[in-house]
2 protein chains.
Amino acid sequence: MDLSLPNPSWSKDMRLLFDQFMKKSEDGSWKHLPSYKNKFSRRIEDIKVFFPDAKLIKEKISQAQLFPRNFEEGLGFEYAMFHNHAEDRTVCIFQGGPYLQGAPGFLHGGAIATMIDSTLGMTALIAGGIVMTANLNINFKRPIPLCSVVVINSQVDKVEGRKLFLSCNIRSVDEQTLYSEATSKNLCLFWVWFSLSYISLGFVFGV
Amino acid sequence: MDLSLPNPSWSKDMRLLFDQFMKKSEDGSWKHLPSYKNKFSRRIEDIKVFFPDAKLIKEKISQAQLFPRNFEEGLGFEYAMFHNHAEDRTVCIFQGGPYLQGAPGFLHGGAIATMIDSTLGMTALIAGGIVMTANLNINFKRPIPLCSVVVINSQVDKVEGRKLFLSCNIRSVDEQTLYSEATSKNLCLFWVWFSLSYISLGFVFGV
């Protein structure tokens, strides 16, 4: 089930933004990115190709599910991403539910970091294939009220060999409030990627 | 219910570390920090004292629960923190469950950031009263396998007026593998804190 489609927990702001970006996607300049809970349920042998010395616990991996998709509808991370290929840019519209609380009434810094890492990671993934976040640097400017809708705007700033440098900001729907800014450095693992013929683009885009 | 106490989902490593730190707590040099799901269910009027212009959604706040405590036993964040007052240091023992997956077989960067922010935030809270994370800078050195146990070691490095500078690292139980390093800058809001007589130490320590 594609969890990036509207559900009854989405606020009016969230639906409005979704509709706006779906409209922008009609001419192909933007692309809606689907999102699944357990697209990544891969065989442990496949995982070990990437990190051969990792001590993986076989029976636990079978239960594994994508972190931001593991809350009941409306309680956790509600989000949808759209990508603009020409501009190397991804926009994430995000409504953070009541189970993401940090300070009373506001989103936990870790919940904000999770959506930043997901959005920057997706932008890097599309630009560079399989990537790993090496550095994430976040400036929290203002706390984000629980259950509000925000827009995360991310882009690739620079590519240096295997390193991708990205940045993003989080703003209110009316763009008047800047909540956070972040940069990331991602390492591209495409040397592994090109050597493994069974990894399909479907796998890459299924985060 | 104190969620930082052992439960059947804890691995042998997790229990062993917990017992070691409980032993160290007997002479008072270390202190076990309890953790609750909804200690922070405060009246919306109280919240508005801190951020008067925030647009808070009243009916949603009543459902609010602390982000890292909202998974079923063993599936998400299993952790316990211990504080050493003399050294301004907090240790967090952390077992990340199968619902925290990012890349297949490994913890999501956001889940790692969540535990880093929680541990650094707790260290800052004890050192400086009510604080807000202003910057979080994480270097991800190696991916953390899902369901493994790691140790987060955090400390206050410097205090400059209202600013607290902290750092932490994440290592394997045997300390041989360095998974991540991070620094944070936290803003101390004690000017608000001292003006509000109803905020008790119990509130401060109940994260």
Side-chain angles (χ1 to χ4, degrees), chain A residues 11 38 40-42 44 46-48 50-51 54-57 60-68 70-71 75-76 97-118 121 130 132-148 207, chain B residues 11 38 40-42 44 46-48 50-51 54-57 60-68 70-71 75-76 97-118 121 130 132-148 207:
Chain A
S11 68
N38 48 9
F40 268 166
S41 299
R42 298 185 69 76
I44 206 156
D46 293 354
I47 296 163
K48 295 215 88 162
F50 292 94
F51 304 104
K55 291 174 192 134
L56 298 169
I57 301 163
K60 296 283 183 182
I61 303 290
S62 61
Q63 284 183 277
Q65 295 191 348
L66 187 67
F67 172 44
N70 279 315
F71 285 90
L75 295 179
Y99 278 21
L100 305 185
Q101 179 166 254
F106 297 95
L107 289 186
H108 194 287
I112 299 169
T114 298
M115 285 316 299
I116 287 175
D117 188 44
S118 296
I130 294 175
M132 185 188 142
T133 309
N135 175 265
L136 186 60
N137 192 348
I138 306 172
N139 286 316
F140 299 98
K141 303 275 187 188
R142 290 190 62 80
I144 302 178
L146 223 49
C147 307
S148 58
V207 181
Chain B
S11 68
N38 49 8
F40 269 164
S41 298
R42 298 184 69 77
I44 205 155
D46 293 354
I47 296 164
K48 294 217 87 161
F50 293 93
F51 304 103
K55 290 171 193 137
L56 298 169
I57 301 163
K60 296 283 183 182
I61 303 291
S62 62
Q63 286 183 277
Q65 296 192 348
L66 187 67
F67 172 44
N70 279 315
F71 285 89
L75 295 179
Y99 278 21
L100 305 186
Q101 180 167 254
F106 297 94
L107 289 186
H108 193 288
I112 299 168
T114 298
M115 285 317 299
I116 287 175
D117 189 46
S118 295
I130 293 176
M132 184 188 143
T133 308
N135 175 265
L136 185 60
N137 191 348
I138 305 172
N139 285 316
F140 299 98
K141 303 276 189 187
R142 288 190 63 78
I144 302 178
L146 223 50
C147 307
S148 58
V207 182

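Reminder, nothing fancy here: chain letters follow the sequence lines and each chain counts from 1. Heavy atoms only: backbone and side chains are in, while hydrogens, waters and symmetry mates are out.
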> Between A:Leu75 and chain B, which part of the residue has a heavy atom less than 4.5 Å away: side chain, backbone, both or neither?
Replying inline: side chain
> Just how far is it from atom CD1 of B:Ile112 to atom CG of B:Leu100, taken to the nearest 0.5 Å?
Replying inline: 9.5 Å
>> Would you compute the distance between atom CG of A:Leu146 and atom CD of A:Gln101 and round it to the nearest 0.5 angstrom?
In response: 5.5 Å
> Among A:Leu136, A:Leu107, A:Asp117, A:Asn139, which residue forms the greatest number of heavy-atom pairs with chain B at distances under 4.5 Å?
Replying inline: A:Leu136
> Can you name the closest pair of heavy atoms from A:Ile138 and A:Ala113 and give their distance?
Replying inline: CD1-CB, 3.6 Å
> What part of B:Ile144 gets closer than 4.5 Å to chain A, counting heavy atoms only: side chain, backbone, both or neither?
Replying inline: neither
> Is there a donor-acceptor contact under 3.5 Å from the side chain of A:Asn135 to the main chain of B:Phe140?
Replying inline: no
